[in-house]
Amino acid sequence: MIEGKGKGIGPAEERLSRFLARSGIASRRHADELIAGGRVTVNGQPAVLGQKIRPGKDVVLVDGKKVGGAEKQVYIMLYKPPGYLSSCSDPRGRKTVLSLLGGVPERVYPVGRLDYDAEGLLLLTNDGELTYLLTHPRHRVVKEYSVWVEGPRDEGKIREILSGIIIGGKKVQVDYARFGGEKGRLQEIVIAVHEGQKHLVKHICHSVGYEVKRLKRLKIGPLSLGSLKKGEWRYLSPGQVEALYREARKGWEGERGR
Ligand code: URA
(Lines give C-alpha, C1' and ligand atoms only; values in the text may rest on other atoms or scores of the structure.)
Protein backbone atom coordinates (compact mmCIF):
# COMPACT_ATOMS: atom_id res chain seq x y z
CA MET A 1 0.00 0.00 0.00
CA ILE A 2 1.23 3.49 -0.76
CA GLU A 3 2.27 5.38 2.36
CA GLY A 4 -0.34 7.83 3.62
CA LYS A 5 -2.95 6.54 1.18
CA GLY A 6 -6.26 8.29 1.68
CA LYS A 7 -5.23 9.89 4.99
CA GLY A 8 -7.79 12.56 5.89
CA ILE A 9 -9.11 12.86 2.34
CA GLY A 10 -12.73 12.21 1.41
CA PRO A 11 -13.40 9.19 -0.84
CA ALA A 12 -14.01 11.28 -3.96
CA GLU A 13 -10.80 13.25 -3.53
CA GLU A 14 -7.21 12.34 -4.02
CA ARG A 15 -3.96 14.14 -3.44
CA LEU A 16 -2.76 15.56 -6.77
CA SER A 17 0.77 14.13 -6.42
CA ARG A 18 -0.65 10.65 -5.89
CA PHE A 19 -3.01 11.04 -8.84
CA LEU A 20 -0.06 12.04 -11.06
CA ALA A 21 1.97 9.06 -9.80
CA ARG A 22 -0.90 6.65 -10.31
CA SER A 23 -1.41 8.02 -13.80
CA GLY A 24 2.18 7.20 -14.67
CA ILE A 25 3.33 10.80 -14.97
CA ALA A 26 6.06 10.64 -12.35
CA SER A 27 7.06 9.30 -8.98
CA ARG A 28 5.37 11.19 -6.15
CA ARG A 29 8.58 13.09 -5.41
CA HIS A 30 8.94 14.09 -9.04
CA ALA A 31 5.23 14.95 -9.16
CA ASP A 32 5.81 17.47 -6.37
CA GLU A 33 8.68 18.93 -8.37
CA LEU A 34 6.41 19.27 -11.41
CA ILE A 35 3.78 21.02 -9.27
CA ALA A 36 6.34 23.33 -7.61
CA GLY A 37 7.80 24.09 -11.04
CA GLY A 38 4.45 25.43 -12.25
CA ARG A 39 4.01 22.70 -14.88
CA VAL A 40 0.68 21.41 -13.58
CA THR A 41 -2.72 23.08 -13.79
CA VAL A 42 -6.06 22.03 -12.32
CA ASN A 43 -9.12 23.41 -14.06
CA GLY A 44 -6.93 26.03 -15.69
CA GLN A 45 -5.34 27.27 -12.45
CA PRO A 46 -1.73 26.60 -11.45
CA ALA A 47 -1.63 23.68 -9.03
CA VAL A 48 -0.19 24.01 -5.55
CA LEU A 49 1.69 21.50 -3.40
CA GLY A 50 -0.57 19.36 -1.23
CA GLN A 51 -3.62 20.11 -3.38
CA LYS A 52 -6.45 17.58 -3.56
CA ILE A 53 -8.44 16.90 -6.72
CA ARG A 54 -11.51 14.95 -7.79
CA PRO A 55 -10.29 12.38 -10.34
CA GLY A 56 -12.56 12.21 -13.36
CA LYS A 57 -14.04 15.62 -12.55
CA ASP A 58 -11.14 18.04 -12.32
CA VAL A 59 -9.13 18.63 -15.48
CA VAL A 60 -5.43 18.13 -14.79
CA LEU A 61 -2.84 19.17 -17.36
CA VAL A 62 0.93 18.62 -17.26
CA ASP A 63 2.83 20.83 -19.69
CA GLY A 64 -0.52 21.50 -21.33
CA LYS A 65 -1.32 17.79 -21.90
CA LYS A 66 -4.33 16.20 -20.26
CA VAL A 67 -3.64 13.53 -17.68
CA GLY A 68 -6.10 10.72 -18.19
CA GLY A 69 -4.80 7.93 -15.98
CA ALA A 70 -5.42 5.31 -18.66
CA GLU A 71 -2.11 5.19 -20.55
CA LYS A 72 -0.70 1.72 -21.24
CA GLN A 73 1.95 0.92 -18.66
CA VAL A 74 5.36 0.13 -20.08
CA TYR A 75 8.55 -1.08 -18.39
CA ILE A 76 11.94 -0.76 -20.02
CA MET A 77 15.45 -1.79 -19.02
CA LEU A 78 18.28 0.16 -20.59
CA TYR A 79 22.05 -0.16 -20.48
CA LYS A 80 22.78 3.49 -19.81
CA PRO A 81 26.15 4.40 -21.27
CA PRO A 82 28.35 6.97 -19.50
CA GLY A 83 27.79 10.50 -20.82
CA TYR A 84 23.97 10.45 -20.64
CA LEU A 85 21.80 12.14 -18.02
CA SER A 86 19.22 9.94 -16.33
CA SER A 87 16.55 12.63 -16.49
CA CYS A 88 14.02 13.75 -19.07
CA SER A 89 15.62 17.06 -20.03
CA ASP A 90 18.69 19.10 -19.29
CA PRO A 91 18.86 22.89 -19.20
CA ARG A 92 22.54 22.55 -20.24
CA GLY A 93 21.58 20.59 -23.35
CA ARG A 94 23.39 17.35 -22.48
CA LYS A 95 22.09 14.07 -23.94
CA THR A 96 19.49 12.31 -21.84
CA VAL A 97 18.66 8.61 -21.66
CA LEU A 98 15.33 9.30 -23.38
CA SER A 99 17.23 9.96 -26.61
CA LEU A 100 18.23 6.27 -26.61
CA LEU A 101 14.63 5.01 -26.63
CA GLY A 102 13.68 5.29 -30.28
CA GLY A 103 10.22 3.88 -31.05
CA VAL A 104 8.72 4.12 -27.55
CA PRO A 105 5.49 6.16 -27.93
CA GLU A 106 4.68 6.36 -24.20
CA ARG A 107 6.12 9.06 -21.97
CA VAL A 108 8.41 7.14 -19.61
CA TYR A 109 10.62 8.33 -16.75
CA PRO A 110 13.82 6.95 -15.26
CA VAL A 111 13.37 5.10 -11.98
CA GLY A 112 15.93 6.73 -9.69
CA ARG A 113 19.18 7.93 -11.16
CA LEU A 114 22.61 6.95 -12.31
CA ASP A 115 25.31 9.61 -12.40
CA TYR A 116 26.17 11.22 -15.74
CA ASP A 117 29.50 9.37 -15.86
CA ALA A 118 28.06 6.09 -14.51
CA GLU A 119 26.71 3.25 -16.63
CA GLY A 120 24.61 0.13 -16.40
CA LEU A 121 21.10 -0.94 -15.59
CA LEU A 122 18.46 1.79 -15.62
CA LEU A 123 14.72 1.19 -15.48
CA LEU A 124 12.25 3.48 -17.18
CA THR A 125 8.50 3.35 -16.82
CA ASN A 126 5.29 5.35 -16.73
CA ASP A 127 4.13 3.35 -13.68
CA GLY A 128 4.44 5.87 -10.87
CA GLU A 129 3.56 3.33 -8.21
CA LEU A 130 6.41 1.00 -9.12
CA THR A 131 8.77 4.00 -9.29
CA TYR A 132 7.72 4.99 -5.79
CA LEU A 133 8.12 1.45 -4.43
CA LEU A 134 11.55 0.98 -5.98
CA THR A 135 13.03 4.32 -5.01
CA HIS A 136 11.86 4.52 -1.39
CA PRO A 137 14.74 3.35 0.89
CA ARG A 138 12.13 1.84 3.19
CA HIS A 139 11.38 -0.77 0.56
CA ARG A 140 14.98 -1.96 0.74
CA VAL A 141 15.34 -2.93 -2.91
CA VAL A 142 19.02 -3.78 -3.25
CA LYS A 143 21.06 -2.39 -6.14
CA GLU A 144 24.36 -4.03 -7.01
CA TYR A 145 27.28 -2.15 -8.54
CA SER A 146 30.64 -3.03 -9.97
CA VAL A 147 33.08 -0.26 -9.07
CA TRP A 148 36.64 -0.04 -10.34
CA VAL A 149 38.81 1.91 -7.93
CA GLU A 150 42.44 2.88 -7.81
CA GLY A 151 44.45 1.75 -4.81
CA PRO A 152 45.75 -1.26 -2.93
CA ARG A 153 43.63 -4.40 -2.49
CA ASP A 154 43.09 -3.96 1.22
CA GLU A 155 40.52 -6.22 2.92
CA GLY A 156 40.52 -3.78 5.84
CA LYS A 157 38.79 -1.24 3.61
CA ILE A 158 36.04 -3.73 2.77
CA ARG A 159 35.55 -4.37 6.50
CA GLU A 160 35.38 -0.60 7.05
CA ILE A 161 32.74 -0.27 4.32
CA LEU A 162 30.72 -3.13 5.82
CA SER A 163 30.90 -1.68 9.31
CA GLY A 164 28.87 1.34 8.13
CA ILE A 165 30.37 4.53 6.74
CA ILE A 166 28.95 7.80 8.06
CA ILE A 167 27.75 9.98 5.19
CA GLY A 168 25.97 13.27 5.82
CA GLY A 169 25.82 12.43 9.54
CA LYS A 170 24.08 9.11 8.91
CA LYS A 171 25.42 5.56 8.93
CA VAL A 172 24.99 3.91 5.55
CA GLN A 173 24.12 0.25 5.68
CA VAL A 174 25.85 -1.68 2.91
CA ASP A 175 24.16 -4.96 2.03
CA TYR A 176 27.39 -6.60 0.87
CA ALA A 177 30.80 -5.66 -0.48
CA ARG A 178 33.72 -7.75 -1.73
CA PHE A 179 36.66 -7.50 -4.08
CA GLY A 180 36.15 -8.79 -7.63
CA GLY A 181 38.67 -8.53 -10.49
CA GLU A 182 42.05 -6.81 -10.53
CA LYS A 183 43.90 -4.95 -13.34
CA GLY A 184 47.24 -3.51 -12.28
CA ARG A 185 46.52 -0.77 -9.73
CA LEU A 186 42.78 -1.04 -10.36
CA GLN A 187 40.56 -3.15 -8.13
CA GLU A 188 36.98 -4.12 -8.70
CA ILE A 189 34.61 -3.88 -5.73
CA VAL A 190 31.18 -5.47 -6.02
CA ILE A 191 28.95 -3.56 -3.64
CA ALA A 192 25.22 -3.52 -2.93
CA VAL A 193 23.15 -0.82 -1.24
CA HIS A 194 19.46 -0.18 -0.85
CA GLU A 195 19.56 3.53 -0.14
CA GLY A 196 19.49 6.05 -2.94
CA GLN A 197 21.39 9.17 -1.88
CA LYS A 198 23.16 11.03 -4.64
CA HIS A 199 26.67 9.67 -5.40
CA LEU A 200 26.27 7.15 -2.57
CA VAL A 201 28.62 4.46 -3.87
CA LYS A 202 31.25 7.02 -4.86
CA HIS A 203 31.06 8.59 -1.38
CA ILE A 204 31.45 5.18 0.25
CA CYS A 205 34.55 4.40 -1.82
CA HIS A 206 36.06 7.86 -1.33
CA SER A 207 35.55 7.66 2.40
CA VAL A 208 37.91 4.67 2.60
CA GLY A 209 40.45 6.40 0.36
CA TYR A 210 39.60 4.90 -3.04
CA GLU A 211 39.28 6.93 -6.20
CA VAL A 212 36.43 5.66 -8.41
CA LYS A 213 37.40 5.10 -12.04
CA ARG A 214 34.30 3.31 -13.31
CA LEU A 215 30.86 2.69 -11.84
CA LYS A 216 28.42 0.24 -13.38
CA ARG A 217 25.06 -0.89 -12.00
CA LEU A 218 24.57 -4.61 -12.48
CA LYS A 219 21.30 -5.34 -10.67
CA ILE A 220 18.15 -3.77 -9.30
CA GLY A 221 16.50 -6.29 -6.96
CA PRO A 222 15.81 -9.44 -9.01
CA LEU A 223 16.63 -7.77 -12.34
CA SER A 224 20.10 -8.11 -13.93
CA LEU A 225 21.70 -6.20 -16.78
CA GLY A 226 22.40 -9.58 -18.41
CA SER A 227 23.63 -9.46 -22.00
CA LEU A 228 22.40 -5.94 -22.83
CA LYS A 229 25.08 -3.86 -24.54
CA LYS A 230 25.75 -0.15 -23.93
CA GLY A 231 22.82 1.91 -25.26
CA GLU A 232 20.56 -1.14 -25.83
CA TRP A 233 17.16 -1.50 -24.21
CA ARG A 234 14.27 -3.92 -24.09
CA TYR A 235 10.82 -4.24 -22.55
CA LEU A 236 10.51 -6.20 -19.30
CA SER A 237 8.44 -9.35 -19.37
CA PRO A 238 5.29 -9.43 -17.18
CA GLY A 239 7.14 -11.91 -14.94
CA GLN A 240 10.00 -9.46 -14.42
CA VAL A 241 7.59 -6.64 -13.56
CA GLU A 242 5.85 -8.90 -11.08
CA ALA A 243 9.18 -9.90 -9.53
CA LEU A 244 10.09 -6.22 -9.04
CA TYR A 245 6.75 -5.52 -7.35
CA ARG A 246 7.18 -8.59 -5.15
CA GLU A 247 10.68 -7.57 -4.11
CA ALA A 248 9.68 -4.00 -3.25
CA ARG A 249 6.63 -5.14 -1.28
CA LYS A 250 8.65 -7.78 0.56
CA GLY A 251 11.05 -5.05 1.73
CA TRP A 252 8.12 -2.97 2.85
CA GLU A 253 6.62 -5.83 4.88
CA GLY A 254 10.06 -6.63 6.35
CA GLU A 255 10.53 -3.03 7.45
CA ARG A 256 7.12 -2.99 9.13
CA GLY A 257 7.93 -6.22 11.01
CA ARG A 258 11.22 -4.83 12.32
N1 URA B 1 26.14 5.65 -6.48
C2 URA B 1 26.87 6.58 -7.11
O3 URA B 1 27.83 7.11 -6.57
N4 URA B 1 26.49 6.91 -8.36
C5 URA B 1 25.46 6.34 -9.00
O6 URA B 1 25.19 6.69 -10.14
C7 URA B 1 24.72 5.37 -8.32
C8 URA B 1 25.09 5.03 -7.07
Side-chain angles (χ1 to χ4, degrees), residues 27 29-30 76-90 92 94-101 108-125 130-151 157-158 160-180 186-226 228 230-233 244 247-248 251:
S27 67
R29 196 174 43 194
H30 183 215
I76 286 168
M77 60 187 276
L78 166 75
Y79 186 150
K80 174 197 168 312
Y84 284 80
L85 269 190
S86 47
S87 62
C88 299
S89 61
D90 180 36
R92 287 164 57 193
R94 288 171 295 177
K95 288 176 290 190
T96 74
V97 289
L98 293 191
S99 67
L100 296 165
L101 300 182
V108 291
Y109 298 87
V111 178
R113 58 186 157 228
L114 267 180
D115 292 339
Y116 183 70
D117 58 355
E119 61 190 281
L121 181 57
L122 185 70
L123 279 175
L124 298 109
T125 183
L130 184 64
T131 299
Y132 175 77
L133 288 171
L134 289 175
T135 50
H136 200 301
R138 191 169 187 173
H139 299 117
R140 307 182 70 84
V141 174
V142 173
K143 289 126 201 146
E144 184 187 275
Y145 297 86
S146 155
V147 198
W148 284 88
V149 297
E150 184 153 13
K157 290 183 189 287
I158 296 286
E160 213 181 313
I161 289 173
L162 290 171
S163 71
I165 302 284
I166 307 285
I167 293 172
K170 201 175 142 254
K171 204 176 207 182
V172 175
Q173 206 187 327
V174 170
D175 294 82
Y176 52 86
R178 59 180 159 76
F179 281 117
L186 296 184
Q187 315 293 339
E188 183 190 23
I189 299 176
V190 178
I191 183 167
V193 290
H194 56 267
E195 296 180 30
Q197 297 96 309
K198 227 175 175 184
H199 312 311
L200 182 61
V201 174
K202 287 179 184 163
H203 285 318
I204 291 171
C205 295
H206 289 162
S207 68
V208 295
Y210 279 139
E211 195 188 330
V212 172
K213 295 294 184 186
R214 185 181 180 196
L215 177 66
K216 177 176 172 183
R217 183 153 64 202
L218 303 173
K219 288 185 189 166
I220 300 173
L223 199 67
S224 295
L225 191 56
L228 272 188
K230 273 184 199 165
E232 283 181 357
W233 63 272
L244 283 171
E247 185 72 15

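Note that ligands are numbered from 1 as they come in the structure, with each ligand's atoms numbered from 1 the same way.
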Check your understanding: Considering only protein heavy atoms, which is closest to atom 4 (N) of ligand 1, and at what distance to one decimal place?
Key ->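 For atom 4 (N) of ligand 1, the nearest protein heavy atom comes out as Asp115 OD2, 2.8 Å.
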Exercise for review: Report the nearest protein non-hydrogen atom to atom 1 (N) of ligand 1: residue, atom name, distance rounded to 0.1 Å.
Suggested key: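 Heavy-atom neighbour on the protein nearest atom 1 (N) of ligand 1: Val201 N, 3.1 Å.
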[X], any N or O under 3.5 Å of ligand 1 N or O:
X: His203; result: no
X: Arg113; result: no
X: Tyr145; result: no

Check your understanding: What is the distance from atom CH2 of Trp148 to atom CG of Leu186, rounded to the nearest 0.5 Å?
Key ->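 Here the rounded value is 7.0 Å.
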Point to revise | Separation between CD of Gln197 and CD1 of Ile204, rounded to the nearest 0.5 Å | key: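 So the gap between those two atoms works out to 8.0 Å.
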Practice item. Give a yes or no on this: more than 12 heavy atoms of other residues, nucleotides or ligands lie within 6.0 Å of atom NZ of Lys157. Key: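 Above 12, so yes.
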Review point. Do other residues, nucleotides or ligands put more than 12 heavy atoms under 6.0 Å from the CZ atom of Arg29?
Key: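 At most 12 heavy atoms, drawn from other residues, nucleotides or ligands, come within 6.0 Å of this atom.
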Review point. Is NZ or CZ of Arg94 both nearer than 6.0 Å to the six-membered ring centre of Tyr84 and within 45° of the ring axis?
Key: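 The answer is no; the distance or angle limit is not met.
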Show which atoms of ligand 1 fall inside a sub-4.0 Å distance from at least one heavy-atom site of [X].
X: Leu114; answer: 6 (O)
X: Ala118; answer: 6 (O)
X: Lys202; answer: 2 (C), 3 (O)

Review point. Is it true that the side chains of Tyr210 and Gln187 contain a donor and an acceptor less than 3.5 Å apart?
Key: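 No - no donor-acceptor pair under 3.5 Å links their side chains.
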Exercise for review: Verify whether one side chain among Tyr79 and Glu119 offers a donor that lies under 3.5 Å from an acceptor in the other.
Suggested key: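 Side-chain D/A pair, Tyr79 to Glu119: present.
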Check your understanding: Can you tell which part of Leu215 has a heavy atom less than 4.0 Å from ligand 1: side chain, backbone, both or neither?
Key ->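 Looking at Leu215 and ligand 1, just side chain atoms fall under 4.0 Å.
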